Amino acid sequence: MLLQARMVQGSVLKKVVEVARNVAGESANLVFSTTGFSLQANNVAIMVAAVLPSDAFDYYHCDRTISIGISLDSMFRIFRVSSDDDIVTIKAFDGVDCLTFVFESSKQDKVSEFMTKDIDVVDQEPLLHISEAEYHAILETENHAILKMPSVVFARICSELADVGDSVTIKITEKSAKFSTKGELGISTIICRQNLDVDKPEEAVVIEMNESVSVTFSLRLINSFTKTAPLCNTVTISFVSEMPSVFEYKIAETGYVRFFLRPREE
Amino acid sequence: MLLQARMVQGSVLKKVVEVARNVAGESANLVFSTTGFSLQANNVAIMVAAVLPSDAFDYYHCDRTISIGISLDSMFRIFRVSSDDDIVTIKAFDGVDCLTFVFESSKQDKVSEFMTKDIDVVDQEPLLHISEAEYHAILETENHAILKMPSVVFARICSELADVGDSVTIKITEKSAKFSTKGELGISTIICRQNLDVDKPEEAVVIEMNESVSVTFSLRLINSFTKTAPLCNTVTISFVSEMPSVFEYKIAETGYVRFFLRPREE
Amino acid sequence: MLLQARMVQGSVLKKVVEVARNVAGESANLVFSTTGFSLQANNVAIMVAAVLPSDAFDYYHCDRTISIGISLDSMFRIFRVSSDDDIVTIKAFDGVDCLTFVFESSKQDKVSEFMTKDIDVVDQEPLLHISEAEYHAILETENHAILKMPSVVFARICSELADVGDSVTIKITEKSAKFSTKGELGISTIICRQNLDVDKPEEAVVIEMNESVSVTFSLRLINSFTKTAPLCNTVTISFVSEMPSVFEYKIAETGYVRFFLRPREE
């Protein structure tokens, strides 16, 4: 077998596909390599990169790098057949130009198998936008600000502001994050204070910075990924000068989904 | 009084009306006889027959057979006024060409009465498609397969497959039921294994057969009755050569709703 | 500061705005006076009057009467930004023609502030339709009937009847309230009996009258306010000869929302 990747908590894969489709529409590039899986999709305004290293899977075997172009909408419809507690296995066979998705119910009494039509399997290296190591190097050398907060709170704020205006200005200072918008009704401002004194670590609002920043984004774009059921409990937003900002959600412990968004000119 | 039929668990009648309307659209034939109630409706593709013997009611009295043609949509709108825990009483009077529906709240503090406009009351025998005795005789003599499974699982499978294709092929073998469809995305197959080792009897998947069968149905038609809140916990599907297949839901212990569906040519 | 009004249970204000918008559409008259707050809105068919005396607020200070004309839809969109457990503060400053709404999350970790665009602040006395004292005087002198019942039951009845007809006739006799309608399907009648023998006082159905009444209302108008999440557990409906009927919901202990509805000619 060319590829076999099994994830007991299959809902993770389902959510990644769902959010990528909501955000970037059309087609995605899937890459299975010997070290893990990645999905990348983008349109003119936003890029999604999901990475699941092999140890994020319960079983992972891949003979060589497979790079596949696939419609996100088809992927989404395939996964819609699965329940949130299904075990998911993705398989590919040498010489057969299709992927097989197997969804096993957690109670073992139902097995659902989906075989795609012919797909484009190309043996090429993935074109990842930015590697993990490069990303951390950038954070250490450049002026930046990082905001970490509960993902549901962030989603709620951006949803609320979208009722008033169509863009949000995020201003990070030493002790607080200020989200503001204006529209025909007036001006709306939401302030989240740094908050480390919490019962559960995921409830914290943490600010780390060597420079205060103020950047403006399209609320429609942010809401395209926050409106999906949260990928994880916290979101980490990195603002680095002259670069797209990165909204990161950890998944399956060793993996992540990142949304790269270029700020609007003010 | 010509007719008085009272059912404490009135939601049973409400569901029968709802599902008949969803499935067969236009009008139904209601029959009240001295031995009980039946509702029959059909269109070119499917037939619904609901039977509630007099002992399925908490009180039942009917002087003589009354056969009524009535719009399912009107019936549905009348029942929509009732709560799920209402007690329902249906009444008819000699010489008055209307039915009266009484909905009493279980707490006795609210009584809702609905008097229909003139309806066609015809003294004729019901034209039941097939009698209970005939049905069992057929099962004993003919080649057949019977699949009994939790109704929510059956509903979920048919709903999932409808995302992929527009018909389902059900293949019954000794130990498993295989549901499959294909569409532009690919091929989807769901397997349910016979499963008798369950905590509650209604969770079992039971197969009884003297011949393996493979039949194909329109998913739209099946989903027209499975998408209603389940009439009971299990569905029993009987496949008999050269006859429509029967999807049966028991209701109110001694009654049932059956959907007769002719397989598609493959 | 000209005005500062703070309410810990801010959802009360939110609901008042929501229901006023659903019922009376366009714009409302807000009045802040030294003794409290009122909101009044009307269209040709119905009038809403909400009154919250200063002691319904947790903090209330107002230098002089401020009368403001404001779009109910804008108000609604401003409040939509708030959570149901937010603390709401409304502020105005001398010489600044805007209102500021502050929503603080109950956990204190999020503050949302909304500053309206310029609004019309006019120093004039409110034009209240009818004062509290006048209202009670009327009830004592005139022929009347009063029906008090659980608001969810009243809402449910009016919603059910709207499936059958477009107006409801409410008939109050000594021991019961009868709601009836007719439409193309037939006649629907719902009877609620006086019921004082209840576990919780808000479940009672109480009738007080010196004259039996029968009045007819548009169901669309009634449902415009009953379909909002209930303002309180009970509704009190007063029918006084030659006057609009009043549907009253108590709020925040000392406040109320009243809907004045002129009966239809029969």
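Atom set for the values below is all heavy atoms of this structure, side chains included, hydrogens, waters and symmetry mates excluded. On a predicted model such as this, the values are computed, not experimentally measured, just so you know. Numbers restart at 1 for each chain; the letters A, B, ... are given by sequence-line order, proteins then strands.
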Inset, instruction - Kindly state each residue pair satisfying salt bridge (charged side-chain N to carboxylate O under 4.0 Å, His left out) with at least one member in residues 28-47 of chain B, sequence neighbours excluded. - result: none

Inset, instruction - Name the orientation class of the two ring planes belonging to B:Phe37 and B:Phe32 (parallel below 30°, tilted from 30 to 60°, perpendicular beyond 60°). - result: tilted

Inset, instruction - Tell me, out of C:Val205, C:Val164, C:Asn195, who's got the most heavy-atom pairs with chain B below 4.5 Å. - result: C:Val164

Legend entry - When C:Glu184, C:Lys182, C:Lys178, C:Glu160 are compared by non-hydrogen pairs under 4.5 Å with chain B, the top option: C:Glu160

Legend entry - Charged tip of B:Arg6 within 45° of B:Tyr59 ring normal and under 6.0 Å: no

Legend entry - Which atoms of B:Ser82 approach chain C - backbone, side chain, both or neither, heavy atom under 4.5 Å: backbone

Which portion of [X] sits near chain B, non-hydrogen atoms under 4.5 angstrom:
X: C:Asp163; answer: both
X: C:Val153; answer: side chain
X: C:Gln194; answer: neither

Legend entry - Main-chain N/O of C:Ala45 paired with C:Asn43 side-chain donor or acceptor, under 3.5 Å: yes

Legend entry - Pairwise distance CZ(B:Phe260) to CD1(B:Ile46) - rounded to 0.5 angstrom: 10.5 Å

